[in-house]
Amino acid sequence: MTTTTTTRSRTPPRQDPTHDLNAQIDAILRELELPSRPGKRPDLIIGTLTVPVDLTDAMRVPKGGEAEYIDAQLSQLAGKAVRAGEALIVQAFGGDPAAVAWFMSALCLLTSNQKSIRELHGVGPAVTRLRNFCVKADCRVAVADPRFPQQVVQVSGWLQAHVLSTLTTLQDDHLQQLDAIYNPGRIPAKANKFTPPQIGPLKPDVLKAKLVEQLKAVVRSELSQWQTDTGAPAEARPLEDIRAVADYIQGWLRDRFPSSRWPRPTAGTTPGSFTGT
């Protein structure tokens with residue numbers, strides 16, 4: 001008896017085009033999925049200062065919850081209950097949504113680095129400077145701007161305080177370098193220590209001749225700044241013109257690099273007040 005075996009070619013099952021499309025959509029959605037901390041950014045590193053940056057909590061504040069969030073952040077920074085959110089939004093910020101968002105994000109950055117801030121200079125002055133700065137729309141950058149964390153660190157006085165806290169006392173080698181700069185002509189001795197040269201007795205004639213010659217050179221150098229390329233005297237400019245330029249530069253620097261000291265109290269305010277204007 002003969003058995004016949006029949007072999008059939010097996011074709012792969014036909015793929016459902018709808019299934020393929022859904023899979024592609026799922027893959028795209030996974031790529032577009034927001035991270036669990038959308039406000040997390042790379043650390044801000046300025047010299048020896050490293051600031052972790054995560055603004056997620058401020059980003060997730062629902063509309064209408066701004067005052068409550070500000071109160072919570074100020075209370076956390078102050079270590080006691082603070083109710084100033086509504087007053088700040090209405091009085092200090094005039095209800096400007098951009099200013100409110102800037103201030104909330106700045107507070108978020110402070111509270112997430114509270115230990116560092118408190119060890120450097122306390123939080124009262126920092127919050128006051130941020131409050132006064134964020135109403136200047138022409139100075140502040142948007143929260144989404146990569147420069148935002150650096151602006152907060154600068155305006156709050158955080159960076160200045162950190163730099164001052166890292167200063168060390170001068171060592172012998174530093175003093176020797178300064179000695180060489182301010183007292184040229186000294187010769188190095190053993191262990192790189194500088195000793196005064198042997199000057200010898202005073203020579204009045206030599207001193208007079210060299211002094212007059214060098215003074216003339218200084219006067220000629222200074223005078224050249226008041227001459228044109230042809231050697232003619234430069235035209236005099238009114239002092240008010242110079243003052244206008246100087247005032248602009250001084251104001252620009254004051255807005256971007258405020259003093260790290262406590263602000264002078266004004267009428268209706270006390271040092272460290274969060275709501276005074």
Side-chain angles (χ1 to χ4, degrees), residues 39-58 73-74 76-79 92 99 102-183 192 245-266 269-274 276:
K40 186 76 172 69
R41 303 185 189 179
D43 291 351
L44 172 65
I45 301 176
I46 306 177
T48 58
L49 175 63
T50 299
V51 179
V53 180
D54 190 348
L55 309 177
T56 303
D57 291 346
Q73 300 307 297
L74 292 179
Q76 182 177 343
L77 291 171
W102 194 98
F103 188 67
M104 289 197 306
S105 297
L107 289 181
C108 184
L109 188 62
L110 292 188
T111 54
S112 60
N113 293 276
Q114 185 173 351
K115 182 179 179 181
S116 175
I117 287 289
R118 192 178 299 279
E119 288 179 350
L120 290 176
H121 54 53
V123 297
V127 172
T128 301
R129 284 189 289 270
L130 291 172
R131 178 205 64 196
N132 294 338
F133 179 84
C134 74
V135 298
K136 303 174 181 178
D138 58 335
C139 297
R140 67 173 187 260
V141 299
V143 175
D145 194 303
R147 298 169 296 172
F148 171 77
Q150 181 170 343
Q151 188 174 62
V152 173
V153 170
Q154 290 177 334
V155 170
S156 65
W158 188 350
L159 178 60
Q160 296 94 316
H162 174 78
V163 171
L164 292 176
S165 70
T166 58
L167 295 179
T168 58
T169 56
L170 291 176
Q171 304 300 316
D172 287 344
D173 56 339
H174 298 149
L175 295 175
Q176 292 165 15
Q177 294 175 22
L178 292 174
D179 193 15
I181 294 173
Y182 290 101
N183 297 286
N192 292 327
V245 176
D247 286 347
Y248 175 81
I249 295 174
Q250 186 175 12
W252 188 92
L253 291 172
R254 182 180 61 248
D255 289 340
R256 286 157 178 79
F257 304 99
S259 171
S260 60
R261 297 175 297 176
W262 281 77
R264 292 182 180 272
T266 56
T269 68
T270 56
S273 170
F274 290 132

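Along the sequence shown, residues are numbered consecutively beginning with 1. Reckoned from all heavy atoms, side chains included, excluding hydrogens, waters and symmetry mates.
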What's the separation between atom CE in Met104 and atom SG in Cys134, rounded to the nearest 0.5 Å? 11.0 Å

Between Gln151 (side chain) and Cys139 (backbone), is there a donor-acceptor pair under 3.5 Å? yes

By side chain to side chain donor-acceptor pair (under 3.5 Å), which residues pair with Thr48, not counting sequence neighbours? His162

Nearest 0.5 angstrom please: Gln114 CD to Gln73 CD, how far? 9.5 Å

With distance as the sole test, does Asp145 use its side chain to make a donor-acceptor pair with the main-chain N or O of Val141 at under 3.5 Å? no

Supply the atom-to-atom distance Asp57 CG to Leu107 CG, rounded to the nearest 0.5 angstrom. 12.0 Å

Any side-chain heavy atom of Val127 sitting closer than 4.5 Å to one from Phe103? yes

Is it the case that the side chain of Asp43 and the backbone of Ile45 share a donor-acceptor pair, with hydrogens and angles ignored and the cut-off at 3.5 Å? no

With rounding to the nearest 0.5 angstrom, report the CZ to CZ distance, Arg140 to Arg147. 13.5 Å

CD1-CD distance between Ile46 and Gln150, expressed to the nearest 0.5 angstrom: 4.5 Å

What orientation do Phe148 and Trp102 show, parallel under 30°, tilted 30 to 60°, or perpendicular over 60°? perpendicular

Keeping the roles fixed (side chain from Asn113, backbone from Val51), state whether a donor-acceptor pair exists under 3.5 Å. no

With rounding to the nearest 0.5 Å, note down the distance linking CH2 in Trp158 to CG in Leu130. 10.5 Å

Taking atom types as modelled, find out whether Gln76 and Thr111 have a side-chain donor-acceptor pair closer than 3.5 angstrom. no

